[in-house]
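This report concerns only the one structure given below.
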Amino acid sequence: MLLPFSRRWHWGALGVAMFLLMLGIGLWRRNHAQDIPQEIPLAPSLPQDPFIQVYFNQAQSARYVEPYRQQERFGDDLEAVIIEAIASAQSSVDVAVQELQLPRVAQALRDKQESGVRVRVILENQYSTPLSQLTSQQVGQMDERDRADYQEFLYFADMDGDRRVTAAEIAERDALAILQAARIPVIDDTADGSKGSDLMHHKFVVIDQTRIIIGSANFTLSGTHGDFGSLSSLGNANHLLSIQNAELARIFTQEFEQMWGDGPGGLDNSLFGLQKPYLPAKTVAIAPNSIVTVQFSPSSASRYTWEDSVNGLIGRTLDRASSSIDLALFVFSDQPLSDKLERRHQANVQIRALIDSGFVYRDYSEALDMLGTALASDRCVYEENNRPWRVPLTSVGIPQMPDGDVLHHKFGVVDQRLVITGSQNWSKAANHSNDENLLVIENETVAAHFHREFDRLYSDANLGIPPWLQEKVGDRQQQCGL
């Protein structure tokens, strides 16, 4: 079978130019595998906790040659972390992740199933069809982001550069096609008979019901290594944790089993989103100096209080701060959390916050509250219950990121000893609609890794209100008569 690009994509002059550019980049990479000047030293390694290891794909304390662009770069190889965990499995591998597009991960899952290990995969329904099997109509209905991802897949899968994707190339590069060929059971969040929950947004793997791989990273090129078509891309800033603890793993297995039901082709007994029963936060002692609290979203806003929700758990953790709070967030749009932070600020807790540039200055962003300003929407209304801080912060802004990469972390560090992490964005949608997880980790060794990652991002960040935003606020007030 041949999958010609012309069948899937409208080429024209721009498409041909992009193809030639990609081909040139590929040839350049083959001759420039060593891209980090050797005189740039690594940052010193930090000690890892024996039960909770932490990895960052943009860390300055490690180097690796990523396997697809053959480019040496700073960072931890998050794909290798996932593959190593899968390879260690003796009895079972359960994967719940929004997107899985890394072919080497799919190959590792195939190899484990062939060895007799039980393998199960749950995906978000928007990303559960092999990319090589999408129809022209499906591609045409994609938004700009997904269409760009699809185009990148075509370049990625066209391993010999002949502008056609063969069956052999699909078998090598289309992760979901690899799972399909191996007959690995896969479901998505339509397995309950619905059109799908808002988002199946988890990013976790449970190995042998004793070990968890968890964090902010989707299992994609952009979520780990970087965009295939960009030399400068280091991947969206992400992290993974490897946690060895049977009690915690059983809690995640319970979450997985609720979503799995009886698996593919069976009854509509899978539970996603608000169909899942509410569970309060659970605390597990990993070791005497290491405690983990876990909770899953969503929770019904009409049946449970905000304090009972996952964002409520975040709020209670922020309330414990006595000296410092550092935040690295993709999205921050939950008003009660902003109000909690303002009270900590009034109690002389030092707060620093970095938020992705795609969300930080939107009218619903709580970064605006922290900066002491407000932006009316294009409908001339302010966010409900909006409360700009009376004493604004100057330590809020955006990190400098490689072109095309985003700040995808969802973590906070409290007093350099508590870490808030997981898949949950700090938003109302994550709290009340999506399948999400959140961990609060009390462990100074683990917190040191997150604190250093934050300091790296903060060191050259753009802080405060940019002039263009101040101008936009004024223009919107004038237009709306506010």
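Just so it is clear, the values below take in all heavy atoms, side chains as well, and ignore hydrogens, waters and symmetry mates.
- A salt bridge links Lys276 with Asp435: at least one charged nitrogen is closer than 4.0 Å to a carboxylate oxygen.
- A 4.5 Å side-chain heavy-atom check between Leu341 and Met370 finds at least one atom pair inside the cut-off.
- Between Tyr68 and Phe156, the ring planes lie perpendicular to each other; the angle is over 60°, past the 30° to 60° tilted range.
- The residues Asp149 and Arg145 are annotated as salt-bridged, a charged nitrogen and a carboxylate oxygen being separated by less than 4.0 angstrom.
- Remark: Arg362 qualifies as a cation-pi partner of Phe359 under the 6.0 Å distance and 45° angle criteria applied to the six-membered ring.
- For the side-chain contact (heavy atoms from CB on, under 4.5 Å) with Gln295, the qualifying choice from Asn437, Leu313, Asp308 is Leu313, the only one to do so.
- Between Arg316 and Glu307, no side-chain nitrogen of the basic residue sits less than 4.0 Å from a carboxylate oxygen of the acidic one, so the salt-bridge criterion is not met.
- Using the six-membered ring where Trp is involved, Trp468 and Tyr361 have ring planes that are perpendicular, over 60° apart on the 30 and 60° scheme.
- Here Arg118 pairs with Asp94 in a salt bridge; the nearest charged N to carboxylate O distance falls below 4.0 Å.
- Figure legend: cation-pi geometry between Arg352 and Phe454 absent, as NZ or CZ is not positioned both under 6.0 Å from the six-membered ring centre and within 45° of its axis.
- Exactly one residue among Phe219, Phe252, Phe296 makes a ring-ring contact (aromatic ring centres under 6.0 Å, His included) with Phe204. That residue is Phe252.
- For His202 and Glu436, the side-chain atoms include no donor-acceptor pair closer than 3.5 Å.
- Between the side chains of Asn238 and Asn57, no donor-acceptor pair of N or O atoms lies under 3.5 Å.
- A salt bridge does not link Lys428 to Asp334: none of the charged nitrogens lies less than 4.0 Å from a carboxylate oxygen.
- Aromatic rings from Tyr64 and Phe74 are positioned such that their centres are separated by 6.0 Å or more.
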* Show your reasoning for whether salt bridge (charged side-chain N to carboxylate O under 4.0 Å, His left out) applies to Glu66 and Arg69. => CA-CA 6 Å; Glu66 62 101 331; Arg69 296 175 297 179; 2.3 Å; yes

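- Using a 4.0 Å cut-off between charged nitrogen and carboxylate oxygen, Glu79 and Arg104 count as a salt-bridge pair.
- Residue Glu444 places its CD atom among 12 or fewer non-hydrogen atoms of other residues, nucleotides or ligands, all under 6.0 Å distant.
- Gln424 and His201 are not linked by any side-chain donor-acceptor pair at a separation below 3.5 angstrom, with hydrogens and angles left out of the test.
- Classification of Glu453 and Arg456 as a salt-bridged pair holds, one side-chain N sitting under 4.0 Å from a carboxylate O.
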* To do: Could you check Arg320 against Asp415 for salt bridge (charged side-chain N to carboxylate O under 4.0 Å, His left out), going step by step and ending with a plain yes or no?
  => CA-CA 9 Å; Arg320 298 170 65 181; Asp415 292 346; over 6 Å; no

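- By the 4.0 Å N-to-carboxylate-O rule, Arg147 lies too far from Glu144 to be salt-bridged with it.
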